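Below is one structure, written out as structure tokens; comments come after it.
Along the sequence shown, residues carry numbers from 1. Whatever order the structure lists ligands and atoms in, that order sets their numbers, starting from 1. Note that the coordinates shown come from a computational prediction; the quantities given were computed from them, not determined experimentally.
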Amino acid sequence: MSFRCRLCQQTFGDCWQAKDAKSGEMLGIVLCAGCGLVQQQSIPESLQLADYYSHHYRQDYKSTYAPRLKHVFRAGAAALTRLAFMARAGIPLGLRLLDVGAGGGEFCYLAGRAGYQASGIEPNLGYSAFAREQYAVGIVTTGVESLGKEQADVITLFHVLEHLPDPGQAISKLWEALRPGGFLVIEVPNLHQNDASPSNIYFKAHLFYFTRYSLLAAASRHFELLCMEDGGNLQIALRRRAEPLAEPLLPTPAQVEITRARLREKGWVEYLFAGRGLVKPLRRLERLWGEARLGRKAPRQLLDSLSLDDIQRRPHALRLALAGGVAIALDACT
Ligand SMILES: [Zn+2]
């Protein structure tokens, strides 16, 4: 089967077969020789994907058309860590924020409480309706393709970019949808992280597998780096360029080699020891115990009760005071 990299147009790379973590189906994966972006060899057309995400995706992955309370809890906890990252990146409150792929609306609601003028778009019918009903947030049922020009100061994209068939084109669209000087915040799974089980890395729905190098490269024509953290998932905050560059700034051959070497190192030994996979069953039990105590709260009441300190349970946890609707920040981004 032929291959052409969606980022650099290179037609050569390292190819291998990997199991879809959900179905066990074999997927053709390529590490591009030109830029190191790891991607599925065969990328579906946009139209097929649009239908999949509006109707089937959440059911395939979570067996539901609306989030359950444990999903609300997890999404709320993730939202608080994302707001803390944005504060570390120095993205000011008060701006017009658009969450793309807003899911059940938890981030949008908590971003509004933290002080952003938050709205969102979400292609899934059930989830977007749930968000409007439960949190009264402005989430429109639609996809990235419908975005207009200069409609937001901040765009957030959490675990969305790896699903889109052409990341460069999507980022160009987001550049248009941002006002001059605007910010883009992206979170994706991190191919370099060592705490993902080897059987839980590749997914049919994940068309791309980013590293800090390839994610920055994918955004580089339209955005410059503000802040990046890759201890777990890959989080990046970017500032909109006044004019796009003619070409993306691709990773160096040495950086491509780092990704190649990391892929060779990955395996059960790294995951169980360095990645702390050995204690994962305990952490899972702890999480299930916590979720079993959620009781019968309404989703909004549950989100209102969350605090970042409780979630991180670390003495150095950043303090995000949501009660007054104001985020008090925080360490400077390193
Ligand atoms: Zn490439």
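- Note on the Zn ion (ligand 1): protein N, O or S atoms under 2.8 Å away count 4, no waters included.
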**Intermediate values then yes/no, side-chain contact (heavy atoms from CB on, under 4.5 Å), Lys297 and Val72** = CA-CA 11 Å; Lys297 285 187 182 124; Val72 170; over 6 Å; no
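- The cationic atom of Arg6 (NZ for Lys, CZ for Arg) does not lie both less than 6.0 Å from the six-membered ring centre of Phe208 and within 45° of the ring axis.
- No side-chain donor from either of Tyr109 and Asp99 sits under 3.5 Å from a side-chain acceptor of the other.
- Taking a cutoff of 4.0 Å between a charged side-chain nitrogen and a carboxylate oxygen, Glu229 and Arg82 do not qualify as a salt bridge.
- At a threshold of 4.0 Å, the pair Glu150-Arg179 does not count as salt-bridged, since none of the basic side-chain nitrogens sits closer than that to a carboxylate oxygen.
- Separating the CG atom in Leu80 from the CZ atom in Phe85 is a distance of 15.5 Å, to the nearest 0.5 Å.
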